[in-house]
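Right, one structure below, let's go through it.
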Amino acid sequence: MINPNHPGDGHLAEDGDVQEESRRVNETPVEILCQNNAIVLKNLRKIFCVKFSLSPFVAVHNSSLALPQNECLGLLGQNGAGKTTTFKMLTGDHMVSSGDAYVKGLSVKTQIKTIQAMMGYCPQQDALHERLTGRETLYLYARLRGVPETSLHNVTEAIVDFVTLRPHEDKLTGKYSGGNKRKLSVGISIIGDPLFIMLDEPTAGMDPVAKRTLWTVLHLIRSSGRTLVLTSHSMEECEALCTRIAIMAKGRILCLGSPQHLKNKYGQGYTVVIRASVDEHGKVLKLDEAHKFVVHALQKSQVFATQEAYVHLQVSDSVPLSILFSTLEQAKQKYKFQFYTVQQTTLEQVFLMFMKETFV
Ligand SMILES: Nc1ncnc2c1ncn2[C@@H]1O[C@H](COP(=O)(O)OP(=O)(O)OP(=O)(O)O)[C@@H](O)[C@H]1O
């Protein structure tokens, strides 16, 4: 994807929605943007000076967006896309190189202390003291947050239940599993009922039950008028929690919108998965022939990924389902593959397609 607006700068193209949002944010005075939005990024840029390298490294290129209160923004992208760097400029962990970001109308460059007082933060690496128990940790952070002594017990008890740490509250955090450490870190971030909650990969390493419980908690928190920003590698998590998703690559926001909008825009059609047969020596049989037959017969389809005995095809929704199924049945008879599945494109597939297109 070539972007004429950024010559020599990675040549990645932002989609129309991102360009429109950037134009709107950059042309509107900050005071007006901040009246209607909880968080505003205005040409936010981060450059790192790299040791032993003459050229500085641009980790985040001029990001601009405005997020209304009571929304949850998900930053998605491959490793090194610039999610954490963007995030850390909002929390004050990284200095901004140029541009600015505003939280409730306050600049992260000049008013970060006031912003931090309104913000809960779950960093990517758990910042826990391993010789304190979970309960002691919550007491410590609640005191630091300024929770009155008389409320300490109730506040910490509620959080222990919220993040399902009751069976582990009196164990030393140094003995916690990775998932329980994440639960405690998320618990710390919601102490004091902050207006803004920043979560860097909040559910990494959690089991599926704990994850879903936490999604419910975060959903409730957002419904009560809080604004959330999270980074995640889980599309399922973004679909469950985020009202807006920004997909990043090489320091740029490439597309922006609600999960449904992104699916409608990029995920039109069906994903077909074919599982080929395998002989007694583990050799995959006639997978190439089978998908070539299907792609040729359907025309509006393409191979999206192959993996051992599986091939994933993207099929346009202009192909009638009757034709799609009869073609797949014919191919199944002809090439004797084990089975096939047809499903509507998910957000995960949108993301993978986007990344594939971006990095070819
Ligand atoms: N302190 C630093 N000095 C130099 N380069 C850095 C620094 N921190 C991050 N980077 C670089 O900036 C780029 C973006 O990193 P960042 O941590 O924001 O990515 P990410 O999208 O959060 O990735 P991940 O999903 O792996 O956490 C990477 O290429 C990284 O190597």
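One-based numbering, in listed order, for ligands and for the atoms of each.
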Donor-acceptor pairs are to be reported for all side-chain atoms of residues 146-153 against protein atoms at under 3.5 Å, with residues two or more places apart or in another chain.
unit_1 : atom_1 : unit_2 : atom_2 : d
E149   : OE1    : R143   : NH2    : 3.2
E149   : OE2    : R143   : NE     : 2.9

Could you list, one pair per line, each nitrogen or oxygen of ligand 1 together with any protein nitrogen or oxygen closer than 3.5 Å, giving atom names and the distance rounded to 0.1 Å?
unit_1   : atom_1 : unit_2 : atom_2 : d
ligand 1 : 18 (O) : T84    : N      : 3.4
ligand 1 : 18 (O) : T85    : N      : 2.9
ligand 1 : 18 (O) : T85    : OG1    : 2.5
ligand 1 : 19 (O) : G82    : N      : 3.4
ligand 1 : 21 (O) : A81    : N      : 3.0
ligand 1 : 21 (O) : G82    : N      : 2.9
ligand 1 : 21 (O) : K83    : N      : 3.0
ligand 1 : 21 (O) : K83    : NZ     : 2.8
ligand 1 : 22 (O) : T84    : N      : 2.9
ligand 1 : 22 (O) : T84    : OG1    : 2.7
ligand 1 : 23 (O) : G80    : N      : 2.8
ligand 1 : 25 (O) : N79    : ND2    : 3.3
ligand 1 : 25 (O) : K83    : NZ     : 2.7
ligand 1 : 25 (O) : H233   : NE2    : 3.0
ligand 1 : 26 (O) : N79    : ND2    : 2.9
ligand 1 : 27 (O) : Q124   : NE2    : 3.2

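Every residue two or more places apart in sequence or in another chain that forms a side chain to side chain contact (heavy atoms under 4.5 Å, CB included) with D17 is listed here: D15, H261, K265. Under the side chain to side chain contact (heavy atoms under 4.5 Å, CB included) criterion, M95 pairs with K46, not counting sequence neighbours.
No salt bridge links E289 with K292; every basic N to acidic carboxylate O contact stays at or beyond 4.0 Å. Salt bridge annotation for E329-K332: absent, with no cationic side-chain nitrogen under 4.0 angstrom from a carboxylate oxygen.
H94 has its side chain within reach of F48: a pair of non-hydrogen atoms, C-beta onward, lies under 4.5 Å apart.
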